[in-house]
Enquirer: 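This is the structure, below, for whatever I ask next.
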Protein chains: 2
Amino acid sequence: MSSVRPPLDRDTVLTAAIALADEVGLGGLSMRRLGQALGVTPMALYKHVANREELIDVMVERIVAGFDVPIQDDDWRRELRARILAARAATARHAWVRTAIETRRMAGDAVLSHMDALMGAMFRGGLSADLVHHAMHALSTRMWGFTRDVMPTPSLPADVSKRAAALAAYAEAYPAIVRMASTGSHAGADCDEEAEFVFALDILLEGFERLHHAGWRSESNA
Amino acid sequence: MSSVRPPLDRDTVLTAAIALADEVGLGGLSMRRLGQALGVTPMALYKHVANREELIDVMVERIVAGFDVPIQDDDWRRELRARILAARAATARHAWVRTAIETRRMAGDAVLSHMDALMGAMFRGGLSADLVHHAMHALSTRMWGFTRDVMPTPSLPADVSKRAAALAAYAEAYPAIVRMASTGSHAGADCDEEAEFVFALDILLEGFERLHHAGWRSESNA
DNA sequence: CAGCTTAGGTATACGCTGTATATATGTCAA
DNA sequence: TTGACATATATACAGCGTATACCTAAGCTG
C-alpha cells in the first residue's frame, strides 16, 4: 500500500503545504498535519525541507514569484501601481501570505526581485536614491499588496430592544466612531477593501511624485 | 515560604506579563514562564485571566491607554500627527506591542478611545465621514505608531576577498537594490526609522488635507 | 551476480505549549 | 466550630517542532 505512493519531492511538499495553508491558515499548518495530508510520517518531510520555518520561506517565495508578470511602463508611477496591484491579486488568493510575509526574517530571490522591480521603475523615472529609499519604507507591507486591517470594533447586540441603549452608551463614549459608522455607507462590515487599498496607495504615489518634482532630499542627505 | 507571598491579583499578573514580554518577546511569554516569574503555578494565573489570549488583550489595552495624553489642537492635522507620534513613543518602548496589536481580533476600550480621538480631530477639522473613514484605513497600523519593516536583505560576506565577487553577482541580479544601497547613506542597517516613519506619515496627512480641500468623495458615495 | 552506498520513510522520544479537571489550603462569616 | 468561598496546586491531555536511530529498497560498483 505504501509502495504505491510515488516518492515525495520538495515541490510536492510545497504544493501540499500551500493547499493546506489555504484551508486551515498558517497556524493550522503543522508538520504532523501536512504529513497526514501527504500520507506520510511527519519526519518524512524533513528529508525535503529543513524545518517548518524554511518551508514557510519557500511558500512565500512561490507566491511572490507569481508577481513577476512583465510590466513595463514609461510612467514610473503607473508601473509601480500596476506591480503592486498584481502583487495584491496574487496574495489575495492566499490569506496566510499576509502573516507569512510579516514573519519572514530574510528576503529570498523572488522577494528581492519584486523589490528590485519596484525600485527599478522609480530609478528609471528619475527619482533619487534618497527618495526611492524613503518611498520603499513608506510603502511598507503595501508593496506586497496588503495592509493590516483596522481592528474590528464590537458590533451592536442582536436584540433589537437593547440595540438603542447600547448605541446611546456607545455614542457617548466614542462619538466620532458612531458618527462615522452612522453616516453614509461606512458600516464596518461592508468596507470595500479594494477601494481602501487603492485610496492609500494613490496618496502615497502622488506624494512621491510631488516630492520628486520639488527636488526633495532627506535631512540626513541635505 | 509560599505563605509570605501576597495574593496575586489581575494587575500584578498584567504588570509581570508586560515586564516578561519586554524581556523575552511575545513568543517567549508562556503561561508557565510567567507563573515562574511570579513564583506561582501556571494554573494560578487562570484565576485572574481567562486565558493567554485575553492576557495579551489587556496588555495591549494597558499600553494603548498610555497614549491618552490630552492633546488638543485647532489644526486637525497637527493633532493627528501629535497623537500618532505619542502612540509611537509608547509602543517603541515595548517591541512586542507590534505583534500583539496585529493579532488582536477585537478592539478594547483604550483602542476604541484612541481611534475615536483620531477621528474626532478629523471631524472637528471639517473632514467628511467618507474621508475620515478612508483616512483611517490608509493609516492602518501607522495609527499605532509603527509599520512593518521592509524585509531585511542578505548582507555581503565578511570575507573581504569574496566581497567584490558577491557584490558583482548581486548587482547583476538586483541592480536597483545595489544602486540604492551604494548611494549616499542608505545602507540597510543604519536606517533612521523615526525619519522614515514621519516621512510616510506626512505624505498621508498632506494627502488627506489635499483631498479635503478638493471636496473629495469616494466613488461609492458619489 | 554480490555487496555496499545512500536516499527516502518510519518509529520513538524529548521538551515545550495552553489549559481542563480535580484537589487542597487558608480566610472569613455565621 | 462549621461551613463557604477564594486562591493556589497537582495532575493530565492533546498538540507542537524536531533530534536521533533505525529500516528498507533502489542503484551503482567490483
Side-chain angles (χ1 to χ4, degrees), chain A residues 1-61 96 99-106, chain B residues 1-61 96 99-106:
Chain A
M1 118 182 217
S2 71
S3 61
V4 185
R5 189 179 44 66
L8 238 48
D9 63 346
R10 195 175 162 91
D11 214 73
T12 310
V13 171
L14 182 48
T15 305
I18 289 177
L20 184 55
D22 284 344
E23 251 184 75
V24 299
L26 201 64
L29 174 69
S30 73
M31 301 303 271
R32 285 172 159 86
R33 194 150 177 191
L34 179 56
Q36 198 173 6
L38 286 163
V40 128
T41 289
M43 288 314 291
L45 304 170
Y46 288 85
K47 287 276 147 70
H48 307 280
V49 148
N51 48 45
R52 183 172 185 267
E53 212 57 15
E54 199 225 42
L55 172 61
I56 300 178
D57 282 349
V58 294
M59 287 168 68
V60 167
E61 281 286 298
W96 53 267
T99 315
I101 287 186
E102 285 177 346
T103 53
R104 288 317 85 197
R105 315 199 70 128
M106 194 52 78
Chain B
M1 115 178 222
S2 72
S3 61
V4 184
R5 187 180 46 67
L8 239 47
D9 62 348
R10 195 174 162 93
D11 214 72
T12 310
V13 171
L14 182 48
T15 304
I18 289 177
L20 184 55
D22 284 344
E23 252 185 74
V24 297
L26 200 65
L29 173 70
S30 73
M31 301 303 273
R32 283 173 161 85
R33 192 147 179 195
L34 178 56
Q36 197 172 7
L38 286 162
V40 126
T41 288
M43 289 313 292
L45 304 170
Y46 288 85
K47 286 275 153 43
H48 307 279
V49 148
N51 49 44
R52 183 172 184 269
E53 212 56 16
E54 199 226 41
L55 172 61
I56 299 177
D57 283 348
V58 296
M59 288 168 69
V60 168
E61 281 287 297
W96 53 268
T99 316
I101 286 186
E102 286 177 345
T103 53
R104 289 316 85 198
R105 315 199 69 126
M106 194 53 76

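Below, chain A is the first sequence line, B the second, and so on; all start at residue 1.
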Enquirer: Starting from P on D:dA6, measure out to CZ on B:Arg10 and report it in whole angstrom.
Expert: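 Roughly 16 Å, once rounded to whole Å.
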Enquirer: A:Val60 and side chain to side chain contact (heavy atoms under 4.5 Å, CB included): which partner among A:Ile101, A:Thr103, A:Leu55?
Expert: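 Testing each of A:Ile101, A:Thr103, A:Leu55 against A:Val60, the sole residue satisfying side chain to side chain contact (heavy atoms under 4.5 Å, CB included) is A:Ile101.
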Enquirer: Are any of the side-chain heavy atoms of A:Thr12 and A:Asp9 separated by less than 4.5 Å?
Expert: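 A side-chain contact under 4.5 Å exists here.
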Enquirer: May I have the distance from B:Leu29 (atom CG) to C:dC16 (atom C1'), rounded to whole angstrom?
Expert: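 Rounded to the whole Å, the gap is 15 Å.
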Enquirer: What is the distance, to the nearest angstrom, from the CZ atom on B:Arg52 to the C1' atom on D:dG15?
Expert: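 For the pair B:Arg52 CZ and D:dG15 C1', the rounded distance is 15 Å.
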Enquirer: If we only count heavy atoms from C-beta on, is the A:Asn51 to A:Glu54 side-chain gap below 4.5 Å?
Expert: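 Yes - at least one pair of side-chain heavy atoms lies under 4.5 Å apart.
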Enquirer: Could you give the CG-to-P distance, from A:Leu45 to D:dT18, as a whole number of Å?
Expert: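 Those two atoms, CG and P, are 11 Å apart.
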Enquirer: Check if the side chain of B:Arg32 and the base of C:dG18 share a donor-acceptor pair of N or O atoms closer than 3.5 Å.
Expert: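 Result: at least one qualifying N/O pair found.
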Enquirer: D:dA14 P sits how many Å from B:Met31 CE, rounded?
Expert: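 Rounded to whole Å, this separation is 21 Å.
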Enquirer: Looking only at side-chain N and O atoms, does B:His48 come under 4.0 Å of OP1 or OP2 in D:dA6?
Expert: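 B:His48 to D:dA6 OP1/OP2: no side-chain N or O under 4.0 Å.
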Enquirer: Does any non-hydrogen side-chain atom of A:Trp96 lie less than 4.5 Å from one of A:Val24?
Expert: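 No - every pair of side-chain heavy atoms lies 4.5 Å or more apart.
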Enquirer: If you assign B:Pro42 and A:Asn51 each to the DNA chain D nucleotide with the nearest heavy atom, which residue ends up on the more 5' nucleotide?
Expert: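 With B:Pro42 and A:Asn51 compared, the 5'-side residue is B:Pro42.
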Enquirer: Decide side chain to side chain contact (heavy atoms under 4.5 Å, CB included) for A:Leu14 and A:His48; before the verdict, give the C-alpha distance in whole Å, the side-chain angles of both, and the deciding distance to 0.1 Å.
Expert: CA-CA 9 Å; A:Leu14 182 48; A:His48 307 280; over 6 Å; no
Enquirer: Rounded to whole Å, how long is the line connecting atom CE of B:Met43 with atom P of C:dT25?
Expert: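 It is 18 Å, rounded to the nearest whole Å.
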Enquirer: Indicate whether OP1 or OP2 belonging to D:dC16 is found under 4.0 Å from a side-chain N or O atom of A:Ser30.
Expert: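 Yes, A:Ser30 has a side-chain N/O under 4.0 Å of OP1/OP2 on D:dC16.
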Enquirer: Which nucleotide in the set D:dA8, D:dT9, C:dT19 lies at the smallest distance from any side-chain heavy atom of B:Lys47?
Expert: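 Among the listed nucleotides, the one closest to the side chain of B:Lys47 is D:dA8.
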Enquirer: Roughly how many Å is it from CZ in B:Arg33 to C1' in C:dT19, rounded to a whole number?
Expert: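 Nearest whole value for this atom pair: 20 Å.
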Enquirer: What nucleotide among C:dG18, C:dG9, D:dG17 has an atom nearest to a side-chain atom of B:Tyr46?
Expert: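 So the nucleotide nearest the side chain must be C:dG18.
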Enquirer: Using whole Å, what does the distance between atom P of nucleotide C:dC16 and atom CG of B:Leu34 come to?
Expert: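 Result: 17 Å.
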